[in-house]
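Single-structure report; data block below.
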Amino acid sequence: MKTRWTGGNQLTLLENGEAFFPRVFESIAQAQREVLLETFILFEDAVGQALHAALLGAAQRGVHIDITVDGYGSPDLSAAFIDSLRAAGVRIHAFDPAPRLWGLRTNLLRRMHRKIVVIDAERAFVGGINYSIDHLASFGAGAKQDYAVEIEGPLVRHIRGFALRQLLAGQGPHSDDRSAQALCLRYPEPAGTARRAGEMAAMFVTRDNGHHLNDIERHYRIAIRSARQRVIIANAYFFPGYRLLREMRRAARRGVLVQLILQGEPDMPIVKTAANLLYHHLLTGGVHIYEYLDRPLHGKVATSDGAWATVGSSNLDPLSLALNLEANVIVHDRQFNQVLTGRLDQLIEHSCREVCATDLVESSWWRVVRSFFVFYLLRLYPRVALWLPAHAPLLMPAQGLPANDPGAGAMPP
């Protein structure tokens, strides 16, 4: 989709599941016509059951609902969970489902990683929060720190149009005039001009494996290249491409305060290991690095110069930048930026440890050898990604496990 700034919006930052889930579930409960939902992970835990109840109630009122879950991220929903939604009229699709081989999931690449909800063409949610209980503080030490935005205004119709196009495109070879007509009948174009809800300018940016290979990364680079005062990037999985690293170092060298908030207590140890490979290069270039220590960081947000901000699903790693299907919202508004910057400053001040060059204990010869291979990889991986299968995404009706299957509802490894 062509990206452009759209004015007249109101965006509200939602931090963690405590803020996100109540707003989404309440909005679904108030839906009158339609709900479009995409998510990477939907677990059959307390959060998943609450979403299930909200969707079931809306469907029983006659609301049209289409849900898309990723076949890799949501492999363990039970037949009872899925069939009860279907019986109420909910259409639930699995993105690129694949059978397991010797108990292992095989659809590792090209994941549908977006997290989008659109309700009645008037309200949307975009961010990084999945439907699982580990996005709530009550989960314990493993609870994730994350962000999303609630959107009202003309941008919602852009997001809705995108979601409908993905549903149609996902029909693959089965797509025909009849399926397009059925989709149009379920979701007719809203009448009249989109309602203005505020004064914020925003843009919906996606990444796919066709015409939008690097749109999200490009907007990051533009923002960093344009920065004159301060850039904050908080990202869970950080191993970006060479050009993005170069822009960070260049910004720091011209006097911009560039601050990275990365995982200090990662949910997967390899995440910190990968980021550590870049620490010396970034620190010597003047970039400040902070490790978030309270719990796993799952956020994918950034701010620049008190006006530009982004919130979404895209990490800054090879999967998100070169393989996955992602969606971010970019906001140009000082009030929104002030709120997000304030939240990130709180993390830096109270929950992070700053990494210094003196903390990096390693021999200089090993650093030179390692850097050679790391940066060769960073230059190479966007090209390598093009060699990997870029199949047309296929949406299939989700198939649940038997309700009494011991794996039903279990978190994947």
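Position 1 is the first residue of the sequence; numbering continues from there.
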Test log, rule side chain to side chain contact (heavy atoms under 4.5 Å, CB included), inputs Ile159 and Arg157: CA-CA 5 Å; Ile159 301 172; Arg157 291 198 180 180; over 6 Å; no
Side chain to side chain contact (heavy atoms under 4.5 Å, CB included) assessment of Val156 paired with Asn9: CA-CA 9 Å; Val156 174; Asn9 303 288; 5.8 Å; no
From CA spacing to verdict: side chain to side chain donor-acceptor pair (under 3.5 Å), Asp294, Gln145: CA-CA 9 Å; Asp294 281 0; Gln145 174 71 24; over 6 Å; no
Verdict with supporting geometry, Arg295 and Glu265, side chain to side chain contact (heavy atoms under 4.5 Å, CB included): CA-CA 6 Å; Arg295 47 185 175 159; Glu265 295 291 334; over 6 Å; no
Worked verdict on Leu257 versus Val231 for side chain to side chain contact (heavy atoms under 4.5 Å, CB included): CA-CA 6 Å; Leu257 175 60; Val231 172; over 6 Å; no
Check against salt bridge (Lys or Arg N to Asp or Glu O under 4.0 Å), Arg221 and Glu217: CA-CA 6 Å; Arg221 294 202 310 268; Glu217 180 185 4; 3.6 Å; yes
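Under the 3.5 Å distance criterion, the side-chain polar atoms of Arg33 are matched with a main-chain donor or acceptor of Asp120. Side-chain atoms of Asn324 come within 3.5 Å of backbone atoms of Arg111 as a donor-acceptor pair (strictly under, hydrogens ignored). Asn337 contributes no side-chain N or O that, together with a main-chain N or O of Thr303, makes up a donor-acceptor pair within less than 3.5 Å. Gln32 places a side-chain N or O within donor-acceptor distance of the main-chain N or O of Gln30, the cut-off being under 3.5 Å. The main-chain N or O of Leu297 is never found under 3.5 Å from a side-chain atom of Asp146 such that the two would form a donor-acceptor pair. Counting only distance, with no hydrogens or angles, the side chain of Asn235 and the backbone of Phe238 share no donor-acceptor pair below 3.5 Å. Side-chain atoms of Arg250 never come within 3.5 Å of backbone atoms of Leu245 as a donor-acceptor pair (strictly under, hydrogens ignored). At least one donor-acceptor pair under 3.5 Å links the side chain of Thr284 to the backbone N or O of His281.
Side-chain atoms of Lys300 and Asn315 form a donor-acceptor pair, as typed in the model, at a separation below 3.5 Å. When only modelled atom types and interatomic distance are considered, Glu247 and Tyr242 share no side-chain donor-acceptor pair under 3.5 Å. For the 3.5 Å distance criterion, the side chains of Asp70 and Ser74 fail to qualify, holding no donor opposite an acceptor. Side chains of Asn130 and Ser132: no donor on one and acceptor on the other come within 3.5 Å. No hydrogens or angles considered: nothing links the side chains of Gln10 and Glu199 as a donor-acceptor pair under 3.5 Å. No donor-acceptor contact under 3.5 angstrom links the side chains of Glu38 and Thr68, judged on distance only. Side-chain N/O atoms of Tyr292 and Gln263 include no donor and acceptor closer than 3.5 Å.
Within the structure, salt bridge (Lys or Arg N to Asp or Glu O under 4.0 Å) contacts touching residues 123-133 (residues at least two apart or in different chains) are Arg123-Glu150, Arg123-Glu152. Applying the ring-ring contact (aromatic ring centres under 6.0 Å, His included) test to pairs two or more places apart or on separate chains, those with a residue in residues 293-347 are Trp5-His332, His135-His298.
Looking at heavy atoms from C-beta onward, Leu11 lies out of side-chain contact with Asp333 at the 4.5 angstrom threshold. The side-chain heavy atoms of Val149 and Thr12, taken from C-beta on, include no pair separated by under 4.5 Å. Arg343 has its side chain within reach of Leu13: a pair of non-hydrogen atoms, C-beta onward, lies under 4.5 Å apart. In this structure, Thr310 and Val331 have side chains that are not in contact, with every pair of non-hydrogen atoms separated by 4.5 Å or more. Side-chain contact between Tyr187 and Arg160: present, with at least one pair of heavy atoms (C-beta onward) separated by less than 4.5 Å. Here the side chains of Arg86 and Ile82 are in contact, with some heavy-atom distance below 4.5 Å. Looking at heavy atoms from C-beta onward, Leu167 lies in side-chain contact with Asp66 at the 4.5 angstrom threshold. Looking at Leu56 and Leu85, their side chains come closer than 4.5 Å, going by heavy atoms from C-beta outward.
Residue Leu283 comes nearest to Cys356 through the heavy atom pair CD1-C, 3.9 Å, listed as atom of the first residue, atom of the second, then distance. When all heavy atoms of Glu18 and Ala137 are compared, the closest pair comes out as OE2-N, 2.6 Å. Between Ala88 and Ala59 the shortest heavy-atom distance is O-CB, 3.5 Å. Across every non-hydrogen atom of Pro296 and Ala143, the tightest pair is CD-O, 3.5 Å. The two residues Thr341 and Arg230 come nearest to each other via the heavy atoms CG2-NH1, 3.7 Å. Annotation for Ile65 and Leu55: closest pair CD1-O, 3.4 Å, computed over non-hydrogen atoms.
Surrounding CD of Glu354 are more than 12 heavy atoms belonging to other residues, nucleotides or ligands, all under 6.0 Å away. Atom CD of Gln338 sits in a sparse spot, with 12 or fewer heavy atoms from other residues, nucleotides or ligands closer than 6.0 Å. Open room surrounds NE2 on His211; 12 or fewer heavy atoms of other groups in view lie less than 6.0 Å from it.
Between the CD atom in Glu44 and the CD1 atom in Ile133 there is a gap of 13.0 Å [rounded to 0.5 Å]. Note that CD1 of Ile232 is 10.5 Å distant from CG of Leu260, once rounded to the nearest 0.5 Å. Distance check: Leu325 CG to Asp208 CG gives 7.0 Å after rounding to the nearest 0.5 Å. Taken from CG in Leu321 to CG in Asp215, the straight-line distance is 11.5 Å, to the nearest 0.5 Å. Atom-to-atom distance recorded for Leu213:CG and Arg207:CZ is 5.5 Å, nearest 0.5 angstrom. If you take NE2 on His219 and OG on Ser304, they are separated by 13.5 Å, rounding to the nearest 0.5 Å.
Taking the six-membered ring where the residue is Trp, the centroids of His113 and Phe40 are separated by under 6.0 Å. Within the 6.0 Å centre-distance limit, the rings of Phe204 and Phe162 are counted as a close aromatic pair.
When the options Phe81, Phe25, Phe43 are evaluated for a ring pair (Phe, Tyr, Trp, His ring centres under 6.0 Å) with His52, the one that passes is Phe81.
Using the six-membered ring where Trp is involved, Phe125 and Phe20 have ring planes that are perpendicular, over 60° apart on the 30 and 60° scheme.
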